[in-house]
There are 2 protein chains.
Amino acid sequence: MARKTKEEAELTRKKLIKSALLLFSEQGVAHTTITDIAKKAEVTKGAFYWHFKNRLEVFDAIIDEYSTPIEDQADVMLKEGQDPVESIFNTVEFFFSKVESSPELIALYDVSYFKCEYTDEFASRLKFEQEQLLKTKDDFAKVLAKVEASVWPNKSDDLIEQISMSMVDMILGTFMRWIGSRSGSLTSQVRDSMAIVLKGAGIKFN
Amino acid sequence: MARKTKEEAELTRKKLIKSALLLFSEQGVAHTTITDIAKKAEVTKGAFYWHFKNRLEVFDAIIDEYSTPIEDQADVMLKEGQDPVESIFNTVEFFFSKVESSPELIALYDVSYFKCEYTDEFASRLKFEQEQLLKTKDDFAKVLAKVEASVWPNKSDDLIEQISMSMVDMILGTFMRWIGSRSGSLTSQVRDSMAIVLKGAGIKFN
DNA sequence: ACCAACATACATACCAGTAGGTATATATAA
DNA sequence: TTATATATACCTACTGGTATGTATGTTGGT
């Protein structure tokens, strides 16, 4: 009812974002009302509309708040002096172990995969994620290009492209299934999956 | 306004189902109104509610109408006198070539992956699909168990389990990405993906 | 004093579901 | 075969509920 300090206002904003994420994960994006979000955050609709224009904006805010784009890790992968295969493993494992230990990140991907309809204003979000997949593929390709021929006898540009894409597909499939079932260790499942692909490529490692 | 014959009634039912599928794919399940569906089928809400109880029921009807469960093909895979690896390839390629050539099936999986929120009544659908994945894994495992040790030196029960799961994950990831982007040939991409997994398993083929 | 940070109340609109009617197909009896 | 009864396949009109967004009020920070 009264005016809050800047810190308190930022706190209600964060609370609204977190409430929205949890509700989206429970009830789906389209099935969650603004009043639901406000109630969970212990404020009213007025507060929501003060901080956000509509549902789409809080959706974007959720992503800004919680998601850690994997492409930030591309530089790490490409760092000199590292074994390429090992750096891929490390990067991917770093990402997924972070997801596995964060309920908010799990909720975020749960929403992304199973609780959101990518139409209208949300369609751009889907397009973005598709582009991210191809970007990740390119990053993998760059790193795989650095693998020495001694450990990869049948290495070729075409194979690099194909393996990079398959790597992304494999990780995506494993991740999505895990988010849906949440059984077993995500990190180790992803690690095993990656190992199979790299072996299938003919790369010798470990 | 007048009563239709049984065949005509069945025809409007089919038209309602098809309209619902296309609209779901365009606008999402939750964002499509019953009136939308009726209008596209050139009838009124009355007709819709005569044939279906609500949105969930037409969703189920869509699946009954168009989906061809992959598990029906398990028996084909397990048929005697066939090379196990080849039968896996054939079965999977048969399924995906069918999807690739059918706009309705593409729309169906587009809805499943990107245009539906799996909450409330729809949650059971997600659970079912998760179970299907595990069932498919088991089918793969059964077939892989028949692979001769001469072409699979490091064969083991644990490896069979792991490879079966990875196969499912790989196919899922490839399929989902293809549905999202629809670039290139689905069938050949899936074939290549599978080949990598089988090679990664240490199976010699072709 | 003024504006940020909300709360309250409300206008608007839409949407699911239903009640009741209607005209014909179809089953049944004669 | 024909007359009749009844179920079927819708359409129209309406209700009740709900959600979005806004307009306005309130109060305490700065």
Side-chain angles (χ1 to χ4, degrees), chain A residues 1-24 26-62 65 111 115-117 119-122, chain B residues 1-24 26-62 65 115-117 119-123:
Chain A
M1 10 211 138
R3 181 177 176 194
K4 305 290 180 61
T5 90
K6 253 183 187 166
E7 293 82 38
E8 284 174 310
E10 187 56 26
L11 204 135
T12 59
R13 194 188 119 94
K14 291 272 167 67
K15 214 169 170 187
L16 281 165
I17 292 176
K18 190 166 188 172
S19 302
L21 173 59
L22 295 180
L23 284 171
F24 286 172
E26 279 174 39
Q27 322 177 0
V29 175
H31 293 90
T32 299
T33 76
I34 308 300
T35 312
D36 285 343
I37 300 172
K39 257 188 190 159
K40 182 142 200 167
E42 293 173 306
V43 286
T44 64
K45 273 172 38 168
F48 180 91
Y49 280 105
W50 172 257
H51 287 286
F52 311 101
K53 210 179 121 199
N54 50 30
R55 209 196 322 268
L56 179 63
E57 226 181 79
V58 77
F59 186 84
D60 290 337
I62 288 172
E65 181 77 16
V111 171
K115 310 295 171 55
C116 178
E117 302 185 356
T119 58
D120 306 314
E121 324 103 287
F122 288 85
Chain B
M1 8 208 135
R3 182 181 173 191
K4 304 290 180 61
T5 152
K6 252 184 186 165
E7 293 84 36
E8 286 176 308
E10 187 56 28
L11 204 135
T12 60
R13 194 188 118 94
K14 290 273 168 66
K15 215 169 168 186
L16 281 165
I17 290 175
K18 190 167 188 170
S19 302
L21 173 59
L22 295 180
L23 285 171
F24 286 172
E26 280 173 36
Q27 321 176 4
V29 174
H31 294 90
T32 299
T33 76
I34 308 299
T35 311
D36 285 343
I37 300 172
K39 259 187 190 159
K40 182 143 199 165
E42 293 173 309
V43 287
T44 63
K45 272 172 40 168
F48 179 92
Y49 279 106
W50 172 256
H51 287 286
F52 310 101
K53 210 180 122 199
N54 50 30
R55 209 196 321 267
L56 178 64
E57 226 181 79
V58 78
F59 186 84
D60 289 338
I62 289 172
E65 182 77 16
K115 311 295 172 57
C116 179
E117 302 185 355
T119 56
D120 306 314
E121 323 104 287
F122 288 86

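Just so it is clear: chains get the letters A, B, ... in the order the sequence lines come, proteins before strands, and each one is counted from 1. Keep in mind that what you see is a predicted model, and the values were worked out from it rather than measured. Both backbone and side-chain heavy atoms feed into the values below; hydrogens, waters and symmetry mates do not.
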Engineer: Please answer whether the main-chain N or O of Ala30(A) pairs with a side-chain N or O of Glu117(A) as donor and acceptor at a distance below 3.5 Å.
Structural biologist: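 Such a contact is absent between Glu117(A) side chain and Ala30(A) backbone.
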
Engineer: Restricting to side-chain contact (heavy atoms from CB on, under 4.5 Å), what partner residues turn up for Thr35(B), sequence neighbours left out?
Structural biologist: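 So Thr35(B) forms a side-chain contact (heavy atoms from CB on, under 4.5 Å) with Thr33(B), Lys45(B).
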
Engineer: Evaluate the side-chain proximity of Glu26(B) to Lys40(B): yes if any heavy-atom separation is below 4.5 Å, no if none is.
Structural biologist: yes

Engineer: If the threshold is 4.0 Å, N to carboxylate O, is there a salt bridge linking Glu10(B) and Lys6(B)?
Structural biologist: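 Here Glu10(B) does not pair with Lys6(B) in a salt bridge, since their nearest N and O are not under 4.0 Å apart.
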
Engineer: Over its full length, what angle do the end axes of the helix from dA1(C)-dT30(D) to dA30(C)-dT1(D) make, each axis taken from five pairs and the result rounded to 10 degrees?
Structural biologist: 10°

Engineer: Which of residues 10-20 of chain A have a heavy atom under 4.0 Å from DNA chain C?
Structural biologist: Thr12(A)

Engineer: Can you list the residues that meet the side-chain hydrogen bond (donor to acceptor under 3.5 Å, both in side chains) rule with Glu121(B), with sequence neighbours excluded?
Structural biologist: none

Engineer: Calculate the interatomic distance between Glu8(B) atom CD and dA23(C) atom P; express it in whole Å.
Structural biologist: 17 Å

Engineer: Provide, to the nearest angstrom, the distance between the NE2 atom belonging to His51(B) and the P atom belonging to dG17(C).
Structural biologist: 17 Å

Engineer: How many angstroms lie between CG in Leu21(B) and CD1 in Ile62(B), if you round to the nearest 0.5 Å?
Structural biologist: 5.0 Å

Engineer: Would you compute the distance between atom CD of Gln27(B) and atom CD1 of Ile37(B) and round it to the nearest 0.5 angstrom?
Structural biologist: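 Separation between the atoms: 9.0 Å.
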
Engineer: On DNA chain C, does the nearest nucleotide to Arg55(B) precede the nearest nucleotide to Glu7(B) from the 5' side, or the other way round? Give the residue.
Structural biologist: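 By nearest-heavy-atom nucleotide position, the 5'-most residue is Arg55(B).
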
Engineer: Taking atom P of dT22(D) as reference, at what distance in whole Å does atom CZ of Phe52(A) sit?
Structural biologist: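 Rounded to the whole Å, the gap is 16 Å.
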
Engineer: Can you list, by residue number, the residues of residues 31-50 of chain B that have a non-hydrogen atom closer than 4.0 angstrom to DNA chain D?
Structural biologist: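 Residues of residues 31-50 of chain B that come under 4.0 Å of DNA chain D are, in numerical order, Val43(B), Thr44(B), Gly46(B), Ala47(B), Trp50(B).
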
Engineer: May I have the list of side-chain donor-acceptor pairs in residues 47-57 of chain A shorter than 3.5 Å, sequence neighbours left out?
Structural biologist:
residue	atom	partner	partner atom	Å
His51(A)	NE2	Thr12(A)	OG1	3.4
Asn54(A)	OD1	Leu56(A)	N	3.2
Asn54(A)	OD1	Glu57(A)	N	3.1
Arg55(A)	NH1	Thr32(A)	O	2.5
Glu57(A)	OE1	Lys53(A)	N	3.2

Engineer: Is the shortest side-chain heavy-atom distance between Leu16(B) and Val58(B) below 4.5 Å?
Structural biologist: no

Engineer: Heavy-atom distance under 4.5 Å between the side chains of Thr119(B) and His31(A), does that happen here?
Structural biologist: yes

Engineer: Over how many whole Å does the gap from Leu56(B) atom CG to dA16(C) atom C1' extend?
Structural biologist: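 For the pair Leu56(B) CG and dA16(C) C1', the rounded distance is 14 Å.
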
Engineer: Parallel, tilted or perpendicular, judged at 30° and 60°: which one describes the rings of Phe24(B) and Phe59(B)?
Structural biologist: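 Rings of Phe24(B) and Phe59(B): tilted, 30 to 60°.
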
